[in-house]
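Worksheet: one structure, shown below.
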Amino acid sequence: MKEINENELPKAYEPTAHEDRIYKKWEDSGKFNPDNYDLDENSGTFTIMMPPPNATGVLHLGHASTLAYEDLMIRFARMQGKRTLWLPGTDHASIATQAKVEKLVLEKEGKTRHQLGREELLKRIDAFVEDSRNTIRSQVRKMGSSCDWSRERYTLDKGLSDSVLEIFVRMYNDGLIYRGDRIVNWCPRCKSTLADDEVNYKEGSAKFYTFKYSKDFPIAISTTRPETKLADVAVAVHPSDERYMQYIGKTFSVDFAGGTKLSIKVIPDYHVDKEFGTGALGVTPAHSAVDYQMAQEHALPIIKLINEDGIITENGGAFAGQTVAQARKSVVAYLKEQELLIEEKDIPQALSICYRCDTPIEPLPSLQWFVNMSKEVEFPDGKKSTLKERALSVVTDKKINFVPDRFEKSYADWMNNLHDWCISRQIWFGHQIPAWYRGDEVYVDKTAPEGDGWVQDTDTLDTWFSSGQWTFATLGWPDNVKQGAVAEKYEQRNDLERFHPTDVVETGYDILFFWVARMILMTEYALGEIPFKNVYLHGLIRDEKGVKMSKSLGNVIDPLGVIAKYGTDALRMSLIIGATPGNDLKLGENKVEGYRNLTNKIYNISRFILSTVKKVKRVTKKPKAKTVADEWILNELDKTIALTTERIETYQFSLAGEGLREFTWNTLADWYIEIAKIEGDKDEILLYVLEKVLILWHPFTPFVTEYVWELLGYEDMIMTQAWPRVIKEDIKEVEFDFVMNLISSIRTMRGENKLDPVLKLNALVISPDVKVLSKQEAIIKKLARLENLEITHEQQERPKASAMQVFAPASTVYLLLDGIIDIDKERARLAKEIESAQKLISATQARLANESFVKSAPVDIVESAKTQLGDAQEKVAKLTSQFESLA
RNA sequence: GGACGACUAGCUCAGCUUUUUAGAGCAUCUCGUUUACACCGAGAGGGUCAGGGGUUCGAAUCCCUUGUCGUCCACCA
């Protein structure tokens, strides 16, 4: 390997030259796997299950965002010395994947899935998925994800399938899973059912028809779907509606369009809006969820008019065989012809559409499998509850925390309104339902029943049924179980015992209900415990104009393209810094460019230190400060360490990154390094600060920090270095004193004529021999202006000692620049603050002197008043001393 | 219809459990081309924190209200 010479290093960091190699180095080291660390029993664990991307293709920025956040948390925990597991995987994504492959097969071979057959299609899908998973694996690596590939999983692998079967059978035996003929959301294009939350709504307009079934029928009704009226069984009216009261309970025989005979009963129902339309509603139980409810309550028959292909059944009389659209025209034509149509107008309507393909949903009665959300059952911990209540209580009891917490409310609302969950899908790709039929017999178990003539259900399970088991099935359940304290030593425990519950799930808020809620349900049912302690939800990533990225608009930013141009570190920072949880993020290229510059800054700070110090060596112990500037930078570093740690621990990643940037660029690079150039002799401190800064940056920018670590020639990898710790009490809040010291010392020197600060300043700034950095000049000019010092241009020499004198309090200058400048103003401000604090004191004292308040108010209120009083008094004392020192 | 969120500098956004004088990045303008970095440095301009009201010694921050935009949920046939 070629020896690295600092002087030959390129001026700018080149991400693409190092990233792949560095990733390989990490991966080959085995250090992504927590088993390859020598840690003691009490190290603590930290676990994240990577949300499995769909096996349909490529990663988008949403995935990139999740990977950036999770890798940050994982690297942070690992450096803190925890046993850290990040388990990667992919989701088979039943409908999405099958639809994609079907489309490809149709394009290439001109065959539909039915022409191809189940076996053959599944073969094609498997091949496609294998390919796709390889793409995803490589993209996850590109993001720098430090996940344990030896534990990689797939929602259709054997372990997950075992778990799915186990849960299905247990739920069936508990009476939680049942098969029922119910109204389902049917997508005629996907030819499958959809869960309630898989239905989207689109604003549109519809023709609203008002008509009578026949000339002698007494009540007119209104509808946007005249064709479904062929299957009406009732007319519902509000019980208090005087117009129709007289008809309630009566049944009318009607000859309707296409020769269909209807038997219409007039029923009362409080849900009917008297003001809407005619105030009467035609009830079509088979093709409307609301009507279905009414039919159940009034024991009305259910006539299925539309089949799974969107074609009118034989119940449609003369219209049988027509499509829904054709039948609508036919019925409207009939109504016009018979002069039954009273009104036709356009109204706005929210159209139900399939969330995958935007096809309008057809509500249909169908025999499907459901999970009962409201049936009481015994959980593994022996407590009895319904799935719904259980999943709700873990959040309301704060066993699971949401970031941001406002999503706890949406979660609770959603859970409260949850209906039974339709889990069967008429899709071939997925976990086939473990139910066998023979005549009227039904058999449910993990394996096929013995005997002849049994036929397995051809449906598969909703993809969320399996991904809902992601946190524990990936850890070996059901083979692995929790045995409590049986295994004393950590090594003797299985993965489930070691790593579950996981610590965090990080994902977009758009799949809160789909996935997060299902994981909570499933895990509570299987294990009686929570799947994760914290849920961090990021927002949607939009383009720079705030438009949602979509293929059709062509505004999709490809993470790989960004990485190729600016590097992974820059992309990661762009996704994390300046983003707040739960809020959408607008990402433009100039933002990424800015963070590319920051990456370069980190590199160049390192390059400078590398080439300046006499000998590169690790400085692990905090060096002694020789000047005030040293003291200041070491203190600032400690503050940054404490702040960054705290912010990452409390999920304030954006603030953590901003604070680091501030320290790195504005404090270290712009000030301390400039001071170091003048003061000199700072090798130890520079190396010490650099090492800590690199470590702090590592979770954000793993590649550049690892690269610099290599340049420094330090042992091991930065990835496995220990996260720095500081004792909070050691941090000094010294800024204000520095300012005061500086000002007073200049005044003293002047007054006593011991030193002439003017002279010293000049010596440094204006020497014609020495070209002065603008930075230094700025410091001096500012100081000079402050203290009314004159800058002269005659001084020739540049005495080192005086440089020390002037720059020793450089930190204070820094603060001066920040604005604490005008003494009179400062005194006025302090006086005002003291006054307001004193007002607070007298107000609080008055309250505490009031006996009835002290006796009647709650104890904690009284206590907090006392604390407040103490704080205020302390504040007054502090401010007063500051005020006096400014005299 | 219900709920939630946003409204802060030209742009993108922090700050929001009442703690000093409202911040950053980008953009603009001026100066600087110096041996870490032009993917640079020094400086400047730019905000009645959407409007109104309230609580408070003190409000961008807490409460109420109005407006605009957005998201989610439910859904009227």
Side-chain angles (χ1 to χ4, degrees), chain A residues 6-7 9 11-13 196-197 201 208 221-225 228-229 236 271-273 275-284 288-291 347 349-350 352 404 406-407 409-410 413-414 417 509-510 512-513 539-540 544 546 566 570 577-580 582-588 590-591 593-612 652 654-655 658 661-662 666 669-670 673-674 677 736 770-779 781-782 817-820 822 825-826 828-830 832-833 835-843 871-872 875 879:
Chain A
E6 298 90 66
N7 300 323
L9 288 172
K11 288 190 167 195
Y13 173 63
D196 288 346
D197 45 77
Y201 296 92
F208 191 58
I221 59 162
S222 302
T223 184
T224 52
R225 300 202 54 189
T228 63
K229 302 292 106 182
H271 294 103
V272 178
D273 181 354
E275 307 302 320
F276 189 84
T278 60
L281 157 69
V283 180
T284 321
S288 155
V290 178
D291 295 9
I347 59 159
Q349 191 199 30
S352 312
R406 63 184 143 92
F407 282 103
K409 192 173 154 43
S410 352
D413 289 345
W414 185 81
N417 293 320
Y509 64 75
D510 50 328
L512 171 62
F513 305 134
L540 255 49
E544 50 201 321
Y566 299 106
I577 304 174
T580 35
N583 291 335
D584 293 352
L585 176 70
K586 283 177 207 164
L587 188 68
N590 68 340
K591 182 172 182 186
E593 202 181 312
Y595 287 111
R596 187 268 319 264
N597 296 353
L598 176 53
T599 313
N600 191 49
K601 195 76 185 180
I602 295 171
Y603 166 76
N604 266 302
I605 289 169
S606 311
R607 197 160 70 95
F608 170 74
I609 294 176
L610 212 52
S611 61
T612 306
Q652 297 176 285
S654 178
L655 280 179
E658 270 181 39
R661 197 192 63 81
E662 168 76 20
N666 303 59
D670 287 351
I673 285 183
E674 297 303 328
K677 285 177 185 170
F736 189 80
V770 185
K771 278 200 169 181
V772 180
L773 293 177
S774 57
K775 187 85 190 190
Q776 299 164 0
E777 204 176 307
I779 297 171
K781 280 184 180 167
K782 197 88 179 186
L817 291 173
D818 260 1
I820 307 175
D822 190 312
K825 258 193 187 171
E826 180 63 12
R829 186 187 67 79
L830 287 170
K832 202 178 149 198
E833 241 195 283
E835 192 193 334
S836 106
Q838 273 164 345
K839 273 187 196 166
L840 180 66
I841 289 171
S842 45
D871 289 350
K875 193 175 168 186
L879 292 175

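We use all heavy atoms of the structure for the numbers below, so side chains are in, but hydrogens, waters and symmetry mates are not. Chain identifiers are assigned alphabetically (A, B, ...) following the order of the sequence lines, protein sequences preceding nucleic acid strands; residue numbering begins at 1 within each chain. Worth saying up front: this structure is predicted, and the values here are computed from it rather than measured.
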*Map A/Gly282 and A/Glu593 onto RNA chain B by nearest heavy atom, then report which one ends up closer to the 5' terminus.*
A/Glu593
*Report the nucleotide, chosen from B/G41, B/A77, B/G15, that has the shortest atom-to-atom distance to any side-chain atom of A/Lys601.*
B/G41
*Let me know, please, whether A/Asn417 or A/Thr278 comes out on the 5' side of the other along RNA chain B by nearest nucleotide.*
A/Asn417
*Which residues pass the salt bridge (charged side-chain N to carboxylate O under 4.0 Å, His left out) test with A/Arg661, sequence neighbours left out?*
none
*From A/Ile609 CD1 over to A/Ile673 CD1, what is the distance, rounded to the nearest 0.5 angstrom?*
4.5 Å
_Nearest-nucleotide pick for A/Phe276, side chain only, options being B/A77, B/C39, B/C37_ = B/A77
*Has the side chain of A/Arg596 got a donor or acceptor that lies under 3.5 Å from a partner of the other kind on the base of B/C39?*
yes
*Euclidean distance, atom NZ of residue A/Lys591 to atom P of B/C13 [Å, nearest integer]*: 9 Å
*Would you indicate what A/Asp291 reaches in the nucleic acid, counting non-hydrogen atoms under 4.0 angstrom: base, sugar-phosphate, or nothing?*
nothing
*Would you indicate which nucleotide in B/A42, B/A77, B/G15 comes nearest to any side-chain atom of A/Asp273?*
B/A77
*Identify whether any heavy atom of A/Val290 sits under 4.0 Å from a base atom; if not, whether one sits that close to sugar-phosphate; answer base, sugar-phosphate or nothing.*
sugar-phosphate
_A/Thr580 side chain, from C-beta outward: closest of B/A36, B/G15, B/A77_ = B/G15
*asked:* Quick one: does any side-chain atom of A/Asp584 pair with a main-chain N or O of A/Gly539 as donor and acceptor, under 3.5 Å?
replied: no
Pairwise N/O distances under 3.5 Å, protein to nucleotides 24-29 of chain B:
{"from": "B/A24", "atom 1": "O3'", "to": "A/Arg661", "atom 2": "NH2", "distance (Å)": "3.4"}
{"from": "B/A24", "atom 1": "O2'", "to": "A/Arg661", "atom 2": "NH2", "distance (Å)": "3.0"}
{"from": "B/C26", "atom 1": "O2'", "to": "A/Asn590", "atom 2": "ND2", "distance (Å)": "3.2"}

Enumerate all atom pairs, one protein N or O and one N or O from nucleotides 68-72 of chain B, separated by less than 3.5 Å.
none

_Measuring from the side chain of A/Ile347 (C-beta onward, heavy atoms only), which nucleotide among B/C13, B/G5, B/A77 has the closest atom?_
B/A77
*A/Asn583 side-chain proximity, nearest of B/A42, B/A14, B/A38*: B/A14
